[in-house]
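Order of the sequence lines sets the chain letters (A, B, ...), proteins ahead of strands, with each chain counted from 1.
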Amino acid sequence: MKNDSTSKFIDRSFECILLICVAVSVLTSASVIALLGKESISFFTEVSLSDFLFGTRWEPLLEPKRFGVLPLVAGTLFIVFGSVLIALPAGLLVAVYLSEYSPKRLREVLKPIIEVLAGVPTVVYGFFALSFVTPTLKAVFPTTEIFNALSGAVVVGIMILPMISSLCDDAFKAIPNSLREGGYAVGATKYEMVTRILIPASGVRIGAALILAVSRAIGETMAVTLAAGATPKLFVNPLESIQTMTAYIVQVSLGDTPAGGIEYQTCFAVGTLLFLMTLTLNIFGAKLMKRMPVGLSS
Amino acid sequence: MTSNQPIIETQNLSIWYGEKKAVNSVSMKLFKNRVSAIIGPSGCGKSTVLRMLNRMNDFIEVLRHEGKILINGQDIYNKKLDPVDLRRKVGMVFQRPNPFPKSIYKNIIWGPKVNGLKYEPDFLVEDSLKKAALWDEVKDRLHSSALALSGGQQQRLCIARTIAMNPEVILMDEPCSALDPRATSKIEELITTLRDEYTIAIVTHNMQQASRISDVTHFFYEGELIETGLTESLFTKPTEKRTEDYITGRFG
Amino acid sequence: MTRQRKQKLFHGLCFFMTTLTVVILAVLLTHVVMEGIEWISFEFLDRFPSRKPHKAGIKSALFGTLWVISLTAFFAVPIGVATAVYLQEYAPKNRIMEWVRINIANLAGMPSIIYGLLGLAIFVRFFGFERSILSGSLTLALLIVPIIIIASEGALKSVPNSLREAAYAMGARKWQVVIFQVLPSALPGIMTGIILAISRSVGETAPLIITGALGYVAFTPESISDPYTVLPVQIYNWAARPQVEFHGLAAAGIVVLLTVLLSMNLLAVIIRNKSQKTRTS
C-alpha cells in the first residue's frame with residue numbers, strides 16, 4: 001500500500017507536534033520561575049531580604065526609598081479576610097440551599113445565574129465598588145474615604161462567592177445519600193443533618209474551597225486597584241485608603257518606569273511574593289480537594 | 001470443513017492485568033471458514049483472549065502477556081509487525097454496537113478510506129450492507145445518521161463495516177449481549193451465512209447461541225481453556241466434569 | 001427554640017442568602033445600566049476617546065478588543081487543544097506527565113497580574129514587541145492556554161472509549177482515530193471551553209495594563225505591531241478619573257463589554273444545547 005508510509009509518517013509527526021505544544025506550558029512555568037528569580041536576585045542585591053520582608057514602610061518611589069513590603073501585605077490580607085468573612089458563610093449557605101433545599105428546576109435556573117457573577121470582569125466590580133458600594137458605605141459611615149479598604153473587600157467577597165458556593169456544592173454532591181438518610185433515620189431535622197453530618201463530612205473540601213478562594217482574592221487586581229486606593233498602610237482602617245500588592249504593580253506599570261531600575265524590580269519582587277503565596281495555596285488546595293470526604297476513604 | 005491448517009493459533013498464552021493473572025497458558029486453534037465459539041462464565045478470560053487476536057489490548061497499559069499468537073504462521077506480536085496491518089486482516093465486532101456518529105454510508109467506507117484502499121464507494125456500500133443483511137432496511141436512508149438505527153441494525157452495520165475491509169477473520173465479542181431476542185436471531189442467521197467467506201470467532205455467554213451457530217466450541221474456565229471440541233459433541237458428550245457442570249447450568 | 005423552628009429558620013436563611021446573591025447581581029447590572037444609559041448611543045460606539053466627556057467614544061477600544069481576542073485565540077486555541085489531545089490520548093502514565101498536569105493546574109490558578117509581568121519581560125522587552133497588540137495577545141494567550149487545556153481534556157475524556165476501539169478495529173492509525181473520530185465527537189465541548197476561555201480574556205485588564213495597553217488611543221489599529229487599547233482598559237481609565245461624567249462613560253463602556261461577553265456566553269450555551277440534542281437523537 002503506497003499511502004501507508006505517508007500515514008505512518010503523519011502518525012509520528014503528529015505526536016511530535018502535540019508534544020511541542022505541551023512544551024509551551026512547561027516553558028511558561030519555567031519562564032515565570034526564571035524571570036521572577038532573576039529579577040528578585042538583582043533586587044535583593046540592593047535591598048536586603050529582611051528589610052523587604054520585615055520593613056514597615058513601603059515608599060519605593062519617594063526619597064529616601066524604603067522597601068518594607070509589610071504594608072502591602074497588610075493591605076492584601078485585609079482584603080482577603082474581609083472578602084472571605086463575607087463570602088464563606090454566604091457561599092456555604094447558598095451551596096446548602098442549592099444542594100439540599102431548592103427544587104431541581106429552580107436549581108437549574110439559579111446555578112447559571114450565580115455563575116454569571118463569576119464571569120463579570122473584575123474591572124466592572126471595581127467600578128461597582130467606586131460608584132455604588134462606597135457611596136452606600138458613606139451613607140452609613142460618613143467618614144468613609146473615596147478609596148477605602150472595606151469597599152474593596154466587599155466586592156472581592158461578591159466575586160469569590162460563586163467560586164465557594166460551587167466548590168461546596170460539588171463537595172455536598174459527593175456525599176452519598178446513605179449518609180443523609182442515616183441522619184434522617186435517627187430523627188434529625190434537615191438543619192441538624194446539614195450542620196452535624198453534611199458540613200462535617202465535607203469539611204476537608206470546604207477547607208480546600210476556602211483556600212482556593214483565598215488564593216483568588218490575593219491575586220485579585222483591578223477591583224482593589226480601583227476601589228481601595230494607593231496608600232500603603234501597615235495598620236488598616238477599613239474606611240480609609242490602602243494599597244495591595246497587586247495594586248502596587250499596576251500603579252508602577254501606569255507610570256513610565258524604565259526597565260532595569262529599582263522601581264521596575266520592585267514589581268518583580270512583589271510579584272514573586274504574590275506568586276509564592278498563591279502557588280502554595282493552590283497546591284495545598286488542590287491536594288485537599290482530591291481527598292475523599294471524611295469516613296468514606298477506602 | 002476445508003483445511004487442517006489453523007488460521008489462528010495461540011501457544012501457551014498467559015495474560016496478566018498488573019499482578020493479577022487473568023489467562024493461564026491457553027493453546028487454542030481456530031480454523032478457516034469455521035465459526036468458533038468461545039464460551040465460559042463471566043470473568044473467565046474469554047474476551048481478553050479474543051482481544052489479543054487483533055491486538056486491541058495494546059491500549060491497556062497494565063496488561064502483559066507471555067506465549068505466542070500466530071496468524072497464518074506469523075507471530076502477531078513480532079516487533080516488526082505493524083498492528084495496523086493486522087487489524088486490517090482481523091476485524092472486530094464489539095459487545096455494544098458502536099457505529100461512528102456519521103451516516104450509514106460513511107460508516108461503511110471509513111475503514112477502506114483511512115487505509116488508502118482502492119474501492120468503488122457505491123458498490124462497496126451496497127455489497128457490504130447486503131452481505132450483512134441490512135441493505136433492504138436502509139437502502140433509502142444511506143445518508144442519515146447511523147445512530148438513528150435500532151440496536152440490532154446498528155450491530156449489523158458494525159458487521160457490514162467490518163466486512164467492507166474484506167478481512168480474513170472476524171472477531172465478535174458477545175455481539176448480541178445488548179440486543180433483544182429478535183435482533184439476536186437476525187445476527188445469528190447472518191453469522192451462519194458469513195461462514196463461507198470468513199473465519200469467525202465469537203465470544204458468548206449464551207450456550208444456546210454457541211450451539212446454534214458454531215462449528216467448534218472452546219470452553220474457558222477461570223483463565224484456562226478446559227475443553228475444545230466440535231460443538232455437537234461438546235454439548236452432548238463433554239469429556240470434562242467442569243464443562244458438563246457449566247453446560248447443564250450448575251454454575252455460571 | 002424548638003428544633004422545628006430552628007430548621008425553618010435555617011431553611012429561610014439559606015433561601016435568603018441565595019436570593020440576596022441573585023439580587024446583588026441584579027443591582028450590579030441595573031446600576032451599571034442606569035449610570036451608563038444616557039451615554040450610550042451610536043456615536044459613542046463610533047467616536048474616539050476625548051478629554052471632553054461629551055465627545056468621547058469607545059471605537060478604538062472596541063477595535064482593539066477585536067484585534068486582541070482574534071490574535072489571542074489564534075495563538076492559544078491550537079496550542080491548548082493540542083496539549084489536551086496529547087495529555088488525554090497520548091501521554092504515558094508516568095511521573096513526568098503527572099508533573100506536567102500539576103504544572104498546568106497551577107498555571108490555571110496563577111494570578112493574571114503575574115502573566116502581565118511575564119509578558120512585560122518577555123514579549124515587550126526581550127523580544128522587543130513593544131506596547132503592541134502582539135505583546136498583549138501573546139500574554140493573554142499564555143493566560144488562557146491552561147483554561148483551554150483543562151476544558152478540552154474534559155471534553156475528550158467524555159468521548160466513549162468504544163468509539164476509539166471501533167476506529168482502531170477498522171485498521172486506523174492513531175492520528176486518524178484522533179483527528180477523524182475523537183476530535184469531532186469532542187468538538188462541542190471543546191468549543192464551549194474555547195469560548196469561555198476567550199470571554200475570560202475579553203475581560204482581562206491587569207495583564208494588558210502591565211504590557212502596555214494605553215488609556216488614550218485616538219485611532220483604530222492597522223497591524224499587530226500598533227499600540228492599542230481594549231474595552232476593560234478604557235473602562236478602567238474612565239473609572240479611575242475623578243470627574244463624574246467619566247464614570248458615566250465607564251458605565252456605558254461596561255454595558256458594551258457585558259454585551260460582548262453575554263453574546264459569547266449565549267453562543268456557548270447554544271452550542272452545548274445543540275450538541276446535546278444531536279447526541280440523544
### A:K111, NZ: over 12 other non-hydrogen atoms inside 6.0 angstrom
yes

### Query
Any idea which of A:A95, A:C21, A:S13 has the most non-hydrogen atom pairs under 4.5 angstrom with chain C?
A:C21

### Segment of A:A90 engaging chain C (4.5 angstrom heavy-atom cut-off)
both

### Query
Non-hydrogen atoms of chain C under 4.5 Å away: do they reach the side chain of A:L161, the backbone, both or neither?
side chain

### Message
Less than 4.5 Å to any heavy atom of chain A: does that hold for the side chain of C:L261, its backbone, both, or neither?
### Response
side chain

### Query
Which members of residues 11-22 of chain C, sorted by number, sit under 4.5 angstrom from chain A on a heavy-atom basis?
C:H11, C:L13, C:C14, C:F15, C:M17, C:T18, C:T21, C:V22

### Query
When you measure from the centre of the six-membered ring of A:Y101, is the NZ or CZ of A:K190 under 6.0 Å away and within 45° of the axis?
yes

### Query
So which of A:T195, A:I249, A:L110, A:L36 has the biggest tally of heavy-atom pairs under 4.5 Å with chain C?
A:I249

### Message
Does either side chain, that of A:T134 or that of A:S151, offer a donor lying less than 3.5 Å from an acceptor on the other one?
### Response
yes

#### Entry: Criterion side-chain hydrogen bond (donor to acceptor under 3.5 Å, both in side chains) on C:S135 and C:T211, from CA distance to verdict
CA-CA 7 Å; C:S135 292; C:T211 54; over 6 Å; no

## Note on the structure
Bottom line for A:I17: the part with an atom under 4.5 Å from chain C's heavy atoms is neither

### Query
chain C: which of A:S31, A:G271, A:S131 shares the most heavy-atom pairs with it under 4.5 Å?
A:S131

### Query
Taking C:I179, C:L262, C:L214 one by one, which has the highest count of heavy-atom pairs under 4.5 Å against chain A?
C:I179

### Query
Can a cation-pi geometry be assigned to C:K174 and A:F14, taking NZ or CZ under 6.0 Å from the six-membered ring centre and within 45° of the ring axis?
no

### Query
What part of A:I114 is in contact with chain C, defined as an atom under 4.5 angstrom from a non-hydrogen atom: side chain, backbone, both or neither?
side chain

### Task
Would you check if there is a donor-acceptor pair between the side chains of C:E204 and C:S112 at a distance under 3.5 Å?
yes

### Query
Between C:F180 and C:W175, is the ring centre distance below 6.0 Å?
yes

## Note on the structure
Highest number of heavy-atom pairs under 4.5 Å with chain A among C:E89, C:M110, C:Q176, C:R200 belongs to C:M110

### Query
What do you reckon, is CZ of C:R241 surrounded by more than 12 foreign heavy atoms closer than 6.0 Å?
yes

### Message
For chain A, which candidate among C:L87, C:V32, C:L120 shows the most heavy-atom pairs at distances under 4.5 Å?
### Response
C:L120

### Query
Knowing that exactly one of A:L276, A:V214, A:L212 qualifies, which makes a side-chain contact (heavy atoms from CB on, under 4.5 Å) with A:L281?
A:V214

### Task
Select, from A:G119, A:S25, A:G219, the one with the greatest count of heavy-atom pairs under 4.5 Å involving chain C.
A:S25

### Message
So which residue, A:S29, A:S165, A:S102, ends up with the most heavy-atom pairs under 4.5 Å with chain C?
### Response
A:S29

### Message
Is A:L19 in contact with chain C via its backbone, its side chain, both, or neither, using a 4.5 Å heavy-atom distance?
### Response
both

### Query
Got C:E35 and A:F132 here, is their nearest side-chain heavy-atom distance under 4.5 Å?
no

## Note on the structure
Max heavy-atom pairs within cutoff under 4.5 Å with chain C, candidates A:I158, A:I146, A:V250, A:V32, goes to A:V32

## Note on the structure
Among residues 138-145 of chain C, residues within the sub-4.5 Å heavy-atom range of chain A, in order of number, are C:L142, C:V145

### Task
Go through the side-chain N and O atoms of A:Y184 and A:T189 and say whether any donor and acceptor fall under 3.5 Å apart.
no

